[in-house]
Structures are given as structure tokens and as C-alpha cells.
Protein chains: 2
Amino acid sequence: MAKSWALDYDPATCNIAAALAVVGEKWTFLVLREAFNGIRRFDDMQRRTGAPRQVLSSRLSRLVAEGILGKAPYQEPGQRLRHEYRLTEKGIELFPVIAALLAWGDKHAAAPGGPPVELTHRDCGAPVFLQLTCSQGHVLGSARDVTPIPGAGARRVA
Amino acid sequence: MAKSWALDYDPATCNIAAALAVVGEKWTFLVLREAFNGIRRFDDMQRRTGAPRQVLSSRLSRLVAEGILGKAPYQEPGQRLRHEYRLTEKGIELFPVIAALLAWGDKHAAAPGGPPVELTHRDCGAPVFLQLTCSQGHVLGSARDVTPIPGAGARRVA
DNA sequence: CTTGCTAAGTCTGTCAAGTAGACCTAGCCT
DNA sequence: AGGCTAGGTCTACTTGACAGACTTAGCAAG
């Protein structure tokens, strides 16, 4: 690899950093994992993530403020009014991030005994995975087949 | 959605948590981003991520210890011996995580002016994106088409 | 040979954030 | 009235992030 073109561009504009500013904190991903598992209640979240209550409270508020989770009141019969947290569309679109972490974890950080959870296609039941694809329809085998190039919003460094 | 099956299983075994234990810290993703950009030297990393030198030092050591980066000596003519950090195969396989964050950031957290970086297919130049696919060849439109099920390593909660 | 420069760190003091555990509150149930 | 539960908040402690100065090795210029 030659000297990287990236050195000539300003990294401050990178949207990875922007995404991480919203969801990059330690417990946030675990909260999202549980949200994708269908967990919606504070105490279930707390028990399953192990996050301190105060941190969980703060992360949930943040995710609601960012529009990744919605907070809605609901009431079960004979119970008092409660709130539940559900993924919004914006939140659901974070799924590839979670799926990619899961795939990597299964391969490189797995506990013995096989994967504790598997993703399947709702319609046919077959296992689901992430694939790098280009708009010409080629399937890419690895990140080595990807070339990052400066886009419309790129700014040269002074 | 009915009561989640997930409540009956132990979340401690989840490989997402295992992955996050390795790469889940605040600056780690930015370090990886720069690594994928072809940045290999400490000072370039420091300047581009903005991480405090001490934190960067500690994150790089961690990533080397985990086998995600390799530290190799090299020498340019007329220069003294230096070290560079390069992604290992294990590190390269984290690319989908970065790509997923980038895609989400482009859509939901973008600065005006368009994406600062785009991913293209090395062979044909067309834009690259992540696609959820099942082993039957179906392309999934959204996370809603995915059903997580307990896998071989799942443990019921007592 | 002394002084300076650069890359790649380490050291120090300060301050924000995470953490454990107790406490609080509203509504329902007995 | 008293107790239970979900969903928090309060307090005190400990860890980690941070900025800025210092260190070290090797090359180079004076």
C-alpha cells in the first residue's frame, strides 16, 4: 500500500465519528442488542445488560432524545401505567452494526459451545449474514476488495 | 411482538458483549477507521483521531495484544527504525462493523455537503454497501425480516 | 561534539464518568 | 395501613479520560 490518500483529507467530517457520538458509549450497544431481542422494559434491560441503573437511565434517555428509541406508555390489565422503549425506524437501521459485531464475535471472541444466538430469515428460516456487495451486483469477499475514496463532502487538510 | 423468548435465555453468553469487550471502547473504533484508511503511524493516528496520546497508546497496545493490529518494525532510508501498526486478518474482518457505522452515519448523522468518504469496489469502481442475505439467496430489506433464535450455545436462565 | 529535530511514547495532576448500593415514589393489591 | 413492584434518583467512591509537560533514541546540521 502506498502512502494513504487519507492523510490529505480532514477526518473531522467522517460520519463514523458522527455515528459514534450518538451510539458509541459502552453500554449503548448492549441496550440496542436487548432492544433487538424484543426487550422493552427498564428492569429487564437492567438485569440483562448488567448496566448500573443510573447509566441505563441516562443511555435510554439519550437514545430516546436521538430518536433511536421511542418511549410509549402502555398498560397491562390490573397493572399501573408503564412506559416501554421500542426501536424506531432509525434505530432498526442500526441492525447491521449489531449483526456485524455478532458475526465477528462468533468468529473471534466466542465462548465454547457454539453461538448462543443465530439470525434467521423470517420467511424461510435460513441463516442470515451480512454481505459486502457493489451496485454492479458483485459480491465482495473481504474488505481488501473495497477502496475508500473521498466523497462529495470531503475537505482537504490545509 | 409477543413476550420475547430472549427473556428465557442468559444474555451473559452473547458474543456481541464478547466483541465489545475487545473493541467497544470509545476511541477504538476511530483507531480502526484510520487503520482501514491506511494510517499506520502513531502520530498520524493521534492527529487524525484526536485521541489523547496516552489513550491512543493504550488502545493500540490492546489491539495488538488482541491480535487485531500487528506491530512491525520498518525503516525508511535515512530514517531510524520505526514501528507501524497494520491490520491483521482478524482486524480486517471488523470491516463490516465500520462499514455499517459509516452507512448509518451517512444516513442519520450526516453533516451537510454529502458523505466525506465513499466505499467502492476495487475491481469495478461501483459503490459498495452491506446487504443482509440468507443462505437461500434471499436479500432482506430490513432487520424486521430477521428472526433471532437461540443457537447451540444458548443457556436457559435458571 | 553539542545542539536541535522528530517519532513515539510516558508522567502528572485534574476532572468527568462509571459504579455499587441505598433510597425514593406512584400505583396497585391484600 | 402496610407491602410489593417498576422505574427511577441520591451519595460516596473509584476508575478512566484529558491536557500539557517530560523522556528517549537516532539522525542531522553547525
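Hydrogens, waters and symmetry mates play no part in the numbers below; they use all other heavy atoms, side chains included. Here the structure is a predicted model, which means the values were calculated and not measured. Here is how names work: the chains are called A, B, and so on, in the same order as the sequence lines, proteins then strands, and each is numbered from 1.
At least one side-chain heavy atom of Glu89(A) sits under 4.5 Å from a side-chain heavy atom of Arg144(B). Using a 4.5 Å heavy-atom threshold, the side chains of Val97(B) and Phe29(B) count as touching. For the pair Leu119(A)/Pro127(A), no side-chain contact is recorded, criterion being any heavy-atom separation below 4.5 Å from C-beta on.
Within residues 55-66 of chain B, the residues approached by DNA chain C to less than 4.0 Å at the level of any non-hydrogen atom are Ser57(B), in residue-number order. Only at 4.0 angstrom or more do the heavy atoms of residues 18-31 of chain A sit from any atom of DNA chain D, so none qualifies.
Shown here are the side chain to side chain donor-acceptor pair (under 3.5 Å) partners of His138(A), two or more places apart in sequence or in another chain: His121(B).
As rounded to whole Å, 14 Å separates atom P of dA6(D) from atom CD1 of Ile39(A). The CG atom of Asp44(A) sits 8 Å away from the P atom of dG7(D) (whole-angstrom rounding). When rounded to the nearest whole Å, the span between OH of Tyr85(A) and C1' of dA6(D) equals 11 Å. One interatomic measurement links the two molecules: CZ of Arg40(B) to C1' of dA8(C), which rounds to 17 Å at whole-angstrom precision. Residue Gln46(A) contributes atom CD, which lies 16 Å from atom P of dT5(D) at whole-angstrom precision. In this entry the distance linking CZ of Arg47(A) with C1' of dG8(D) reads 16 Å, nearest Å.
Remark: the backbone N or O of Gly67(B) is paired with a side-chain donor or acceptor of Thr88(B) at under 3.5 angstrom. The backbone N or O of Arg53(A) lies less than 3.5 Å from no partner atom in the side chain of Ser57(A), so there is not a single donor-acceptor pair. Side chain of Lys71(B) to backbone of Arg86(B): no donor-acceptor contact under 3.5 angstrom is found. Here the side chain of Thr120(A) pairs a donor or acceptor atom with the backbone of Thr147(B) at under 3.5 angstrom.
Considering only side-chain atoms of Pro52(B), the nucleotide from dA20(C), dA19(D), dA8(C) that sits closest is dA19(D). If you check dT12(C), dA8(C), dT11(D) against the side chain of Gln54(A), the one that comes closest is dT11(D).
Geometric assessment of Arg156(A) against the ring of Tyr9(A) yields a positive cation-pi assignment under the 6.0 Å and 45° thresholds.
In terms of polar N and O atoms assigned as donor or acceptor, the side chain of Arg53(B) never comes within less than 3.5 Å of the base of dA19(D) in a complementary pairing.
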